[in-house]
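Notes to accompany the following structure.
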Amino acid sequence: MSEKIIIFDTTLRDGEQSPGASLNVQEKVEIARQLARLGVDVIEAGFPISSPVQFEAVERIADSVPVVVAGLARAVEPDVKAVYDALRQTEKFRIHTFIGTSDIHIKEKFRADRYGKSLKEKRNTIIKMARDAVAYAKTFTDDVEFSAEDAGRTDTPYLAEVLEAAIDAGATTVNIPDTTGYTMPAEFGAKIAALRETVGRIDQAVISAHCHNDLGLAVANSLSAIQNGARQVECTINGIGERAGNASLEEIIMALRVRGDYWNVHTDIRIEELFNTSRMVSAFTGLVVQPNKAVVGDNAFSHESGIHQDGVLKNSHTYEIITPEAIGATRTKIVLGRHSGRHGLAVRLRDLGYRPTKDELQHIYQKFLDLADKKKEVFDDDLRVLMGDEMHRQQEYYELESFHVSAGTNALATGTVSIKAGEEVLRESAIGDGPVDACFKAIDRALDTDSTIESYQVRSVTAGREAQGEVIVRVRSGDSVCTGRGVSTDILEASVKAYLQALNETNTIQRETEPTATVAE
Ligand code: KIV
Ligand code: ZN
C-alpha cells in the first residue's frame with residue numbers, strides 16, 4: 001500500500017514573506033479557495049499575532065475553506081492564544097508553534113541572562129519553552145505542530161531532545177525546517193533518518209520537512225526527507241517565500257507523480273489545478289513566474305530546436321515527461337471578445353479558478369468590455385490580470401482620477417495627475433526624466449511621500465500590438481517594501497496605477513503593527 005504524503009501549503013504565510021509580495025485579505029481568501037480545489041491537506045494562513053490584518057486573514061480563510069487551517073505562533077503564550085482566537089470558530093484547526101534551536105539562534109536570539117548564562121542552560125530553557133508552548137496549544141486543539149527553527153543547522157542529538165519534549169507535551173507533527181537552505185540532500189535525509197531512530201515516541205507524530213531554497217536545493221531536500229520517512233512536506237506555490245523561497249509545491253508533486261514508479265507514496269493533489277493555482281498566485285502577488293520554471297513556466301512545454309519539434313510532433317513523449325493538459329495548461333487558449341456575454345465571462349473565470357461575487361462580476365464585466373473595445377481578443381492571461389485589479393480596487397484609498405503627460409525628443413517631460421483620496425481630489429504637476437518619472441514625481445508631490453523606487457518592470461501580458469502592458473513597481477517606505485501592479489493597454493497608465501497601488505499598500509502596512517522577529521527580550 002502506498003503511503004500518503006501530507007501537503008502543508010504555506011504560500012499564504014511563508015510565501016507571503018517574499019519581499020514585496022504582500023496580499024490583501026480578499027486575495028488570500030481567493031487563493032485559499034483555489035488551494036482547497038487543488039487538494040492541499042493543510043493551509044497555513046498566517047501569523048495572527050503579527051498584525052490585525054494577519055489575524056483577520058487567518059480568521060476569514062478558516063471560515064471560507066473546508067481544509068485544516070493552521071496559524072503560526074512563536075513558543076510563547078500570547079502568540080499561541082492569538083492563533084486560537086483567530087481559529088476558535090472552526091471545527092478543525094492546527095496551532096503551529098516554533099522556536100529556534102541551532103546554537104546561533106539560541107545564542108543570538110536568547111542573549112538575555114534570564115534564558116540562562118551558558119549555552120547549556122539556554123538550551124534547557126529552549127526545551128522548556130517548546131514543551132510549555134505545545135502543552136498550552138494542546139489545551140485548545142489536538143492538532144499541534146512544533147517546528148525547531150533552523151533544524152538544518154542544529155546539532156542532531158540536541159534536536160532529538162527538543163522534538164522528544166515536544167512530542168511528550170502532545171505535538172502531533174514535528175517539523176524539521178532547513179530555515180536557511182543550508183543542508184545537502186543526502187545530509188538532510190540522514191538527519192531525518194537519525195531522528196526517526198533516536199527520538200522517543202517518534203511514531204506518535206508525523207515528521208515534516210520545511211525546506212528553503214538558498215542553494216536551489218529545497219525540492220531535492222524535501223524529496224530526500226520523504227525518502228527517509230517524512231510524511232508531511234511544507235511548500236509554496238511557485239516556490240515563493242523568504243529570500244530565495246521555499247520548496248515549490250508543483251515541483252514536489254510532479255516529481256512524486258511522474259516518477260510514481262520510483263516513489264511508493266501518494267498525495268491528494270489534483271494536478272489539473274496546478275497551472276491555474278500558479279497563475280493566480282503570480283497575478284495576485286505580482287511575482288512573475290520565470291519562463292524556464294519547472295512544471296509551470298511558460299517555456300516548460302515549448303520546443304525550440306527542429307529535432308525536438310519533429311520528435312514531439314511524432315510522439316510528444318519523445319521530449320515531454322509532463323503534458324500541459326495534465327497540469328491544466330491547455331495548448332489552445334480560449335479567446336473571448338466584444339460579443340462574449342456576462343455568462344461566458346463568468347464560466348471562463350470559473351474555469352480559471354475564480355469565483356467572483358455578483359457585484360464583482362458586474363464590475364469585471366464592464367472592465368472586460370472596455371478592454372475588448374481596445375483589443376479584439378481577450379485571453380486567459382488578460383482575465384487573470386483583470387481579476388488581480390479587481391481584488392485591489394476594493395482596498396484602495398488613493399485612486400487615479402486622470403493623468404496627462406507631455407514628452408518627446410528634446411522636450412522636457414511633464415506629468416500632471418489627479419488623485420482621489422477619500423472625498424478630496426489632489427492635483428499636482430512635475431517635470432521629470434521622461435514621462436513615467438514626471439508622473440511619479442507629480443504623485444509624490446500630491447501625496448507628500450518620501451518613498452523610493454526599488455524596481456520598475458514592464459511586460460506584455462499577451463502577445464501582439466494591442467496587448468496589455470503590466471507594470472510592477474517595488475517601493476520602499478521606511479522598513480517596508482511594497483509591490484504595486486498596474487495593467488492597461490497604455491503603459492503610462494499602467495505605470496501610474498502600479499505606483500499608486502504600491503503607495504496604497506505602504507499606507508496600509510504603516511497602519512499595521514509589525515511583530516518583533518524574536519521572542520521578546
Ligand atoms: O523556515 C522556517 O524555519 C519557518 C518556521 C517558522 C517553520 O518558516
Ligand atoms: Zn520557512
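In each ligand, atom 1 is the first atom listed, and ligand 1 is the first ligand listed. In this chain, residues are counted from 1 in sequence order. For the numbers below, each heavy atom of this structure counts, side chains included, while hydrogens, waters and symmetry mates do not.
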(message) Could you tell me if Ser248 and Glu250 have a donor-acceptor pair between their side chains, going purely by distance under 3.5 Å?
(response) yes

(message) A cation-pi test, strictly: NZ or CZ of Arg74 under 6.0 Å from the centre of the six-membered ring of Phe98 and no more than 45 degrees from its axis. Yes or no?
(response) no

(message) Below a 4.0 angstrom heavy-atom separation, can you tell me which part of Arg13, side chain or backbone, both or neither, approaches ligand 1?
(response) side chain

(request) For Glu149, counting its heavy atoms only, list the atoms of ligand 1 lying under 4.0 Å from any of them. (result) 3 (O)

(request) Give a yes-or-no answer on whether the side chains of Arg384 and Asn276 include a donor-acceptor pair shorter than 3.5 Å. (result) yes

(request) Please determine if Asp14 has a nitrogen or oxygen closer than 3.5 Å to a nitrogen or oxygen of ligand 1. (result) yes

(request) Verify the distance criterion only: is there a donor paired with an acceptor across the side chains of Gln26 and Asn24 at less than 3.5 Å? (result) no

(message) What protein heavy atom lies closest to atom 7 (C) of ligand 1? Include the residue and the distance to one decimal.
(response) Ser147 OG, 3.7 Å

(request) Answer side chain, backbone, both or neither: which part of His210 comes under 4.0 Å from ligand 1, heavy atoms only. (result) side chain

(request) May I ask you to identify, for Thr179, whether its side chain, its backbone, both or neither come under 4.0 Å of ligand 1 on a heavy-atom basis? (result) both

(request) Have a look around the Zn ion (ligand 2) and list protein N/O/S atoms under 2.8 Å, or say none. (result) Asp14 OD2, His210 NE2, His212 NE2

(message) Please identify which of these residues, Arg231, Arg94, Lys4, meets the salt bridge (charged side-chain N to carboxylate O under 4.0 Å, His left out) condition with Asp41.
(response) Lys4

(request) Salt-bridge test for Lys92 and Asp143: reply yes if a basic N is under 4.0 Å from a carboxylate O, no otherwise. (result) no

(request) Have a look at Ile252 and tell me which of Thr267, Val219, Val295 forms a side chain to side chain contact (heavy atoms under 4.5 Å, CB included) with it. (result) Val219

(request) Identify the residue among Leu163, Ile126, Asp103 that makes a side chain to side chain contact (heavy atoms under 4.5 Å, CB included) with Tyr158. (result) Ile126

(message) Using a 4.0 Å heavy-atom cut-off, which part of Glu234 comes near ligand 1: side chain, backbone, both, or neither?
(response) neither

(request) For Glu145 and Thr173, test the side chains for any donor-to-acceptor distance below 3.5 angstrom and give the result as yes or no. (result) no

